[in-house]
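Beneath this line is the structure, given in structure tokens, with notes to follow.
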Amino acid sequence: MRDYTSYNDSELIEKAKHGEDAAFGELVSRYEQQVAGTVKGMLGDNAAAEDVGQETFIRFYRSLEKFRGDSALGTYITRIAINLSLNEIKKQKKVISLFYSRDDEEKEYDVPEERNYDDESGTKELVDKALRALKPEFRSVVVLRMLQGYSTKEAASILNVPAGTILSRLARAQKELKKILGPFV
Amino acid sequence: MINQEMYDLLIRSMNDQLTAGEDMQLQQALKESSELRDEKIKLNNIGKLLSSRDHSFSAGFHSRVMLAVSDEKKGKVISMDFTRSFTTMFNRIAVAGVVVIVLLVISLYISHGSLNVNTFTGVDPVSQDNLVSVLLYEK
């Protein structure tokens, strides 16, 4: 089997466009973790996040012909992942509002109870809960800036909002996170 | 009690470039307030906690994606084939239709010697006299 690891992203895209599935497979391997960080940061560690992750790569595959390389491939894929995650959150909210009262909906975003979060899975759970307590528009900024390490400018480009909006949302999110995670750090 | 303005400045310093004046102001406030220093440590720890979060998909994710891509490709080929054959079929039917229409027009012209509306509708010209005689006969 051909080794694609030595090719750069543009070369792999060209090969994938010409029907070389293994080249696309190499791109999936390269960006799998980045997409996982984005969708799991947005949706939590669950089956919905796995589905959105898969859908992200399928959407990317469908749009291979349209990709012109104006932005870095990682940014492009992250944009797809964030948009699909935001859509999934909207979908989930609709389902929640159909079956639960508003009070129940609010309970879902409760602050984590005080217990021992020392181990690795505990920390992960704590961070997940803290992120879920944030509104999606704040969560997306935290995921991009603090989890994925994108710059303010890059985050603004991914979310299609001005850089000032990113900064103000981030400041508000950090205050919220401090309220939630403060007792544990 | 933490000065709210300094707290906001502290948060901004973590995400954005402060001006020299703002930076000096913040450094001074940090020197003077142990609470603000604690806040800075907490915010840094939160940042570390979030960035240390390592995520990966469950085992078999890659294979599932590639399988979905393969299905997608098959679907694309089938739909492309359908579109192509539909276009070809439509063209053939359209050409055959035009040929039939032309032949009909020619045959009409040959049999009636003209191509007026009556020829197409198959109605013979009715003069006023004919109409009167028809009405009288009916009576």
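Throughout, protein chains are lettered first and strands after them, A, B, ... in sequence-line order, and every chain is numbered starting at 1. The figures here come from the full heavy-atom set of this structure, side chains too, leaving out hydrogens, waters and symmetry mates.
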When rounded to the nearest 0.5 angstrom, what is the spacing between [atom1] in [X] and [atom2] in [Y]?
X       : Y        : atom1 : atom2 : answer
A:Glu50 : B:Arg64  : CD    : CZ    : 5.5 Å
B:Ser70 : A:Tyr61  : OG    : OH    : 8.5 Å
B:Leu50 : A:Leu177 : CG    : CG    : 6.0 Å

Applying ring pair (Phe, Tyr, Trp, His ring centres under 6.0 Å), can you list everything that pairs with A:Tyr150, at least two apart in sequence or on another chain?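 Counting only residues at least two positions away or on another chain, A:Tyr150 forms no ring pair (Phe, Tyr, Trp, His ring centres under 6.0 Å).
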Please identify each residue that fulfils ring pair (Phe, Tyr, Trp, His ring centres under 6.0 Å) with A:Phe138, with sequence neighbours left out.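 In terms of ring pair (Phe, Tyr, Trp, His ring centres under 6.0 Å), with neighbours along the sequence ignored, A:Phe138 is linked to no residue.
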When heavy-atom pairs shorter than 4.5 Å are enumerated against chain A, which of [options] gives the highest number?
options                            : value
B:Asn45, B:Ile46, B:Ile41          : B:Ile46
B:Arg12, B:Lys48, B:Met14, B:Met66 : B:Met66
B:Asn15, B:Ile11, B:Asp8, B:Val65  : B:Asn15

For chain B, find its close neighbours in residues 31-45 of chain A: heavy-atom separation under 4.5 Å, sorted by number, or none.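 So far as heavy atoms go, A:Glu32, A:Gln33, A:Val35, A:Ala36, A:Gly37, A:Val39, A:Lys40, A:Gly41 are the residues that approach chain B to under 4.5 Å.
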Please check if atom [atom1] in [X] has more than 12 non-hydrogen atoms from other residues, nucleotides or ligands closer than 6.0 Å.
X        : atom1 : answer
B:Glu5   : CD    : no
A:Arg172 : CZ    : no
A:Lys135 : NZ    : no

Decide whether [X] and [Y] are clustered together by the hydrophobic rule: side chain heavy atoms of Ile, Leu, Val, Met, Phe, Trp, Tyr closer than 4.5 Å, transitively.
X        : Y        : value
A:Leu64  : A:Tyr7   : yes
B:Leu26  : B:Met24  : no
B:Leu108 : B:Val105 : yes
A:Leu167 : B:Met6   : no

Could you walk me through whether B:Tyr7 and A:Lys175 pass the side chain to side chain contact (heavy atoms under 4.5 Å, CB included) test, one step at a time? CA-CA 10 Å; B:Tyr7 183 65; A:Lys175 282 178 191 171; 3.8 Å; yes
Identify which part of B:Phe61 has an atom lying under 4.5 Å from any heavy atom of chain A, answering side chain, backbone, both or neither. side chain
Looking only at heavy atoms and a cut-off of under 4.5 Å, which of A:Met146, A:Gln174, A:Gln148 has the most pairs with chain B? A:Gln174
B:Glu72 side chain to A:Arg62 main-chain N or O, any donor-acceptor pair under 3.5 Å? no
B:Lys73 side chain to A:Gly19 main-chain N or O, any donor-acceptor pair under 3.5 Å? yes
Taking 4.5 Å as the heavy-atom cut-off, does anything in residues 89-103 of chain B contact chain A, and if so which residues?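 Interface residues of residues 89-103 of chain B: none, nothing closer than 4.5 Å to chain A.
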Quick one: does B:Val69's side chain get under 4.5 Å of A:Phe57's, heavy atoms only?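 No, side chains not in contact.
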Checking [X] against chain B: side chain, backbone, both or neither under 4.5 Å from a heavy atom?
X        : answer
A:Ser168 : neither
A:Leu131 : side chain
A:Ala49  : backbone

Please report the shortest heavy-atom distance between B:Ala68 and A:Ile58, naming the atom on each side. CB-CD1, 3.4 Å
